[in-house]
Amino acid sequence: MQVRIHSALGRYPWAKLWYLCRALDDEGCGKIVLNLHSILFDLKVKSRSIIYHWIQQGKRCGAFRAAQRVGSMWHLYLGSLHTVCRLLGLPDWGTTFYVDIENIWNIRQLTTAAITFNLQEQSRRQAFLNLAPEERKTYRLPEAWEVITAEGKFPRGNSAADLTENAIPPKIPFLLCVTEQKAFVSKSFVPFGGSQKTIAARLGICDRTVRRHQVGLNIVRRQLCQTKGEYAALHDEIAMFGDAFVQEGNGFSKRSTYTRDAEQGKFFKMLGRTWVNRCNLYLDSYSAPYYIEMTSMRASKHDYWLSFGIDMDREVRELRTIWRHMGMKSRDFWRSDFYRAHKEALWEHIRRISDTQTAAGGRREGGFP
């Protein structure tokens, strides 16, 4: 039996009990009767007071409309997803994924895993769309698992010629070698992936917590290391001044350029070349009992936004029309500050309405992750 988890709610402590009730509510009537001892066993909780505390927190957040105890049995009346998100002031419930009911107790780590692979897939899709149309026909962007599991041998020499002539490269274009910690690529490789800082910012946690969750689920990580001719002079400039700016071709495509602040320690020299540490690639090698399945709730999100008077599809169409009239490229729309600013304004509008309705209803947020 599986239950659908939402990343924006998965880190709340009371969410474990709420999702357990939703999974056991086969009829969808919103009422569930559970034995207290079975709750403690399924959620791997040792104290009854924790369950009582979760019920009170859930009632303040709208997850439980009412709760009644009869002996060792709890009669719980569940609130809807839209009600919970509205009372919490959430403009979106984030990434949605399925987990087995026996793994609900571990939804914090599984939420981190879902965000990790979702961001990686978004990055790969955006990297492919950034290629020129003619390059998309000839160049196939590899999957993350293809890069991580590629077989190759690193040369023992210390010159740039040894890297290209004596190495046994994997059968992936522009991939030079894969070690236990890093994946070395040439200048024409289109980088994609995710960083632990980005994942931590999305979840509102520390990057060390992200790393601990990934290790707990045995998620394999490889850091992309790319070499380019521009990095040789840049490395010396960073050593002297501490930072620098570089303008370079974006991966395989030479048409688009960007300016990036080069942080000290991000560049290193090896085998006569200068390399830069880019994002990470992740492989879901965690055991079968912790398998997660990504899904989508676009129609439900559309209805949720409509309840605030926002037609997100229409807003995006209007913004893209303005973007094209400004003479910008369509492939740069989704990562532009123009789109992010308007989206944040809409999110702030939803939060303001939620705060007003929460104050009128006399409920407050509870159970922060």
Legend entry - Test log, rule side chain to side chain donor-acceptor pair (under 3.5 Å), inputs S47 and S49: CA-CA 5 Å; S47 175; S49 60; 2.7 Å; yes
Inset, instruction - Show your reasoning for whether side chain to side chain contact (heavy atoms under 4.5 Å, CB included) applies to H302 and R298. - result: CA-CA 6 Å; H302 182 73; R298 295 185 59 182; over 6 Å; no
Inset, instruction - Please report the C-alpha distance between R140 and E146 in whole Å, then the side-chain angles of each, then the deciding distance to 0.1 Å, and finally whether the salt bridge (charged side-chain N to carboxylate O under 4.0 Å, His left out) criterion is met. - result: CA-CA 12 Å; R140 175 186 172 273; E146 294 178 322; 3.0 Å; yes
Inset, instruction - Test side chain to side chain contact (heavy atoms under 4.5 Å, CB included) on W145 and V220 and set out the steps. - result: CA-CA 10 Å; W145 67 269; V220 179; over 6 Å; no
Legend entry - Trace of the side chain to side chain contact (heavy atoms under 4.5 Å, CB included) decision for F117 with M294: CA-CA 9 Å; F117 297 116; M294 307 300 295; 5.5 Å; no
Legend entry - Check against side chain to side chain contact (heavy atoms under 4.5 Å, CB included), R65 and L76: CA-CA 8 Å; R65 293 180 285 112; L76 300 174; over 6 Å; no
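Summarising the local packing, CZ of R208 is surrounded by 12 or fewer heavy atoms from other residues, nucleotides or ligands at distances under 6.0 Å. Annotation for R48: atom CZ does not count as buried by contact number, only 12 or fewer foreign heavy atoms lying within 6.0 Å.
Counting only heavy atoms from C-beta outward, the side chains of Q226 and P191 approach each other to under 4.5 Å. In this structure, E102 and M1 have side chains that are not in contact, with every pair of non-hydrogen atoms separated by 4.5 Å or more. No side-chain heavy atom of V178 sits under 4.5 Å from any side-chain heavy atom of I148. Taking the side chain as every heavy atom from C-beta outward, L9 and L88 approach each other to under 4.5 Å.
A127 approaches V190 most closely through the heavy-atom pair CB-CG1, 3.7 Å. Considering all non-hydrogen atoms of both residues, I51 and I39 come closest at CD1-CG2, 3.6 Å. Of all heavy-atom pairs spanning A144 and F192, the tightest one is N-CZ, 4.1 Å. Pairing each heavy atom of G79 with each of R22, the nearest pair is O-NH1, 4.3 Å. In plain terms, the two heavy atoms of C225 and N277 that are nearest each other are SG-OD1, 3.3 Å. Minimum heavy-atom separation, T96 to M297: CG2-SD, 3.7 Å.
With S7 as reference, I115 is the one residue of I107, T112, L110, I115 to meet the side chain to side chain contact (heavy atoms under 4.5 Å, CB included) rule. Evaluated for a side chain to side chain contact (heavy atoms under 4.5 Å, CB included) with W18, the options V3, L81, I55 yield exactly one hit, L81.
Using a 4.0 Å cut-off between charged nitrogen and carboxylate oxygen, E143 and R124 count as a salt-bridge pair. Comment: R314 engages E318 in a salt bridge, judged by a side-chain N to carboxylate O separation of less than 4.0 angstrom.
Taking the six-membered ring for Trp and thresholds of 30 and 60 degrees, H82 and W93 have nearly parallel ring planes, at less than 30 degrees apart. Aromatic ring pairs are classed by plane angle as parallel below 30°, tilted from 30° to 60° and perpendicular above 60°; the pair W74 and Y52 is tilted.
Linking Ile, Leu, Val, Met, Phe, Trp and Tyr residues whenever their side-chain heavy atoms come within less than 4.5 Å places V316 and M326 in a single cluster. When the side chains of ILVMFWY residues are joined at heavy-atom separations under 4.5 Å, either directly or via intervening members, I322 and I310 end up in a single hydrophobic cluster.
Checking side-chain atoms of W305 against main-chain N and O of D313 turns up no donor-acceptor pair under 3.5 Å. A donor-acceptor contact shorter than 3.5 Å is absent between the side chain of T227 and the backbone of W275. In terms of modelled atom types and a separation under 3.5 Å, the side chain of Q120 and the main chain of Y282 share a donor-acceptor contact.
We find the SG-NZ distance between C21 and K31 to be 13.0 Å, quoted to the nearest 0.5 Å.
D92 meets the salt bridge (Lys or Arg N to Asp or Glu O under 4.0 Å) test with K301; sequence neighbours excluded.
Aromatic rings from H342 and F338 are positioned such that their centres are separated by under 6.0 Å. Taking the ring centroids of F189 and Y139, they lie at or beyond the 6.0 Å cut-off.
Stacking of R351 on the aromatic ring of F308 is not recorded, the 6.0 Å distance cut-off and the 45° axial limit not both being met.
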